[in-house]
Amino acid sequence: MLTSNENILNSKSRLLRLSSEDKVLGTQGRFTIDFISQGGLMDNVKGYMVHSMQCPNVFDNIPEYANTLQLIKTTSAVVFDVVLTNSFYYIDDLIIELQNKINAAITTDSVAIIKVGNAPNEKLQFTFTGDEYTLNFLNSTIGSRLGLTADLVCPATVSTTLNSIPNLIGETEVYAHSRVLCPNNLIEGGGSFSVIDKLNLNAPFGSMCYSDFDNDKTHFKKYFPFESTKTLRTIKITLRNRTGSVLTLPDNFNFSMMLMIYYK
């Protein structure tokens, strides 16, 4: 049994690279890596420290898990689930996509969507013709991204402005999860989670983001989870956002991280 971090620091060590481009199963956002060829070295791991992480910022700001607006037609109580195409949108492109998809759904009625207010604090304004509609916040996964923060009734021919400005910032951080490496490393109000570490997406869309350790003292994160040696021949990594949704990278982009592992 280990009694202190110092016992591990005096052990043999190697750098271990975990990259989605080396996956044997899964996708770029949820993948499995095998280290079977490394044999006994990976059977006697005492602990590890996070060395570095890197990930491209190419995540949609309207992703699959936040792309649906629910409308309810007042006179008939008919429900329309309007699904937008997953993409990274700027506000003007989003307005065109949203207006076209709503009009295609409600057919005999129509909506016009514009920006109102002083830039950059502009809100979206909806004007329906034909009938009154309710924008259902609870069942609209895209709600807060449009600026919808509560149910909103939109009377026919009356211009109705959403509650808040749109939030098109997109993902701001990537959490690397692995139950093999750390079953409950992060504790928060919602419970305990298997987070190895967090990478801030602090570069513009389309750029590579790197962990920002800037000196020898903070370059390694001292985290030693193993009270006895552990086998790490197979490691599963899942990339998630702050709320736990799995993040998806395009097939031609890769996530990678480096660990310093300590072993017998």
Side-chain angles (χ1 to χ4, degrees), residues 19-21 23 25-32 53-72 79-107 110-115 120 122-126 133 135-149 151-152 162-177 198-209 236-256:
S19 174
S20 59
E21 63 186 322
K23 67 181 182 295
L25 291 172
T27 65
Q28 299 295 79
R30 176 179 270 167
F31 54 90
T32 300
M53 299 173 66
Q54 66 179 62
C55 185
N57 184 5
V58 289
F59 301 107
D60 296 336
N61 60 0
I62 304 297
E64 183 178 5
Y65 50 84
N67 68 347
T68 302
L69 176 66
Q70 186 174 94
L71 310 175
I72 303 174
V79 175
F80 300 91
D81 287 322
V82 178
V83 180
L84 275 63
T85 302
N86 308 332
S87 187
F88 188 93
Y89 290 91
Y90 294 101
I91 186 61
D92 292 333
D93 298 321
L94 178 61
I95 288 174
I96 293 171
E97 168 75 1
L98 183 61
Q99 182 173 283
N100 288 343
K101 287 294 177 67
I102 291 176
N103 286 332
I106 62 179
T107 59
S110 63
V111 68
I113 304 173
I114 62 172
K115 297 179 294 185
E122 295 166 300
K123 298 179 181 179
L124 297 185
Q125 185 181 83
F126 287 59
Y133 285 83
L135 308 183
N136 189 331
F137 170 71
L138 185 62
N139 294 324
S140 296
T141 60
I142 197 175
S144 61
R145 300 185 185 226
L146 299 180
L148 179 70
T149 60
D151 287 357
L152 197 62
L162 299 196
N163 319 93
S164 181
I165 63 173
N167 181 354
L168 297 181
I169 295 173
E171 304 299 344
T172 58
E173 52 208 9
V174 174
Y175 290 80
H177 288 243
K198 181 193 78 169
L199 175 67
N200 293 325
L201 296 176
N202 51 9
F205 183 86
S207 302
M208 185 65 76
C209 299
K236 295 181 181 180
I237 301 291
T238 302
L239 306 182
R240 299 182 184 273
N241 67 3
R242 166 67 183 79
T243 59
S245 297
V246 176
L247 297 174
T248 302
L249 286 169
D251 290 339
N252 57 332
F253 290 86
N254 294 291
F255 166 88
S256 67

- Tell me, with the steps shown, if V82 and L71 meet side chain to side chain contact (heavy atoms under 4.5 Å, CB included). CA-CA 8 Å; V82 178; L71 310 175; 4.1 Å; yes
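- With a 6.0 Å radius and a threshold of 12 heavy atoms from other residues, nucleotides or ligands, K236 has its NZ atom at or below the threshold.
- F205 contributes atom CZ, which lies 7.0 Å from atom CG of N57 (distance to the nearest 0.5 angstrom).
- The backbone N or O of V83 sits nowhere less than 3.5 Å from a side-chain atom of T68 that would complete a donor-acceptor pair.
- Rounded to the nearest 0.5 Å, atoms CD1 (I169) and CG (L201) are 12.0 Å apart.
- Considering CG of L239 and OH of Y175, their distance stands at 13.0 Å, rounded to 0.5 Å.
- With S20 contributing its side chain and F255 its backbone, the two residues share a donor-acceptor pair below 3.5 Å.
- Closest heavy-atom contact between C55 and M208: C-SD, 3.3 Å.
- In this structure, E122 places its CD atom where more than 12 heavy-atom neighbours from other residues, nucleotides or ligands lie under 6.0 Å away.
- For F59 against F88, the heavy-atom pair with the smallest separation is O-CD1, 3.7 Å.
- By the 4.5 Å heavy-atom criterion applied to side chains, F80 and T107 are not counted as neighbours.
- The shortest side-chain heavy-atom distance between L148 and L124 does not fall under the 4.5 Å cut-off.
- In this structure, NZ in K123 is found 8.5 Å from CD1 in I165, a value given to the nearest 0.5 Å.
- Using a 4.5 Å heavy-atom cutoff, the side chains of P63 and R145 are in contact.
- For the pair N167 and S144, the minimum side-chain heavy-atom distance is 4.5 Å or more.
- Two residues are said to be in side-chain contact when any heavy atoms from C-beta on lie closer than 4.5 Å; L152 and F137 fail this criterion.
- Between the side chain of E97 and the backbone N or O of T85, at least one donor-acceptor pair lies under 3.5 Å.
- Between the CZ atom in R30 and the NE2 atom in H177 there is a gap of 10.0 Å [rounded to 0.5 Å].
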- Task: Mind running side chain to side chain contact (heavy atoms under 4.5 Å, CB included) on L146 and L94 for me, showing each step along the way?
- Result: CA-CA 9 Å; L146 299 180; L94 178 61; 3.8 Å; yes
- Message: Could you go through I62 and N86, starting from their C-alpha distance and side-chain angles, then the distance that decides it, and tell me whether this counts as side chain to side chain contact (heavy atoms under 4.5 Å, CB included)?
- Response: CA-CA 5 Å; I62 304 297; N86 308 332; 5.5 Å; no
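- Judged purely by distance below 3.5 Å, without hydrogens or angles, the side chains of Q28 and N254 pair a donor atom with an acceptor atom.
- With hydrogens and angles ignored, the 3.5 Å screen pairs a side-chain donor or acceptor of N61 with a backbone N or O of L168.
- Heavy-atom minimum distance, S87 versus D60: O-CB, 3.3 Å.
- The two residues V58 and P250 come nearest to each other via the heavy atoms CG2-CD, 3.6 Å.
- Residues L84 and I142 share a closest heavy-atom pair of CD2-CD1, 3.8 Å.
- Although no hydrogens or angles enter the test, the distance criterion places a donor-acceptor pair under 3.5 Å between the side chain of T141 and the main chain of N67.
- Looking at N163, its side chain does come within 3.5 Å of a backbone N or O of T149 through a donor-acceptor pair.
- In this structure a side-chain-to-backbone donor-acceptor pair under 3.5 Å is present from S19 to E21.
- Side-chain atoms of N103 come within 3.5 Å of backbone N or O of Q99 as a donor-acceptor pair.
- Contact check for Y133 versus V111: no side-chain heavy atoms found under the 4.5 Å cut-off.
- We find the CD1-OH distance between I95 and Y90 to be 15.0 Å, quoted to the nearest 0.5 Å.
- Under the 4.5 Å side-chain criterion, counting only non-hydrogen atoms from C-beta, N202 is in contact with C209.
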- Item | Intermediate values then yes/no, side chain to side chain contact (heavy atoms under 4.5 Å, CB included), V79 and N139 | CA-CA 11 Å; V79 175; N139 294 324; over 6 Å; no
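- By the neighbour-count criterion of 12 heavy atoms within 6.0 Å, atom CG of D251 is sparsely surrounded, having that number or fewer from other residues, nucleotides or ligands.
- Residues P166 and I91 are in side-chain contact: their nearest non-hydrogen atoms beyond the backbone lie under 4.5 Å apart.
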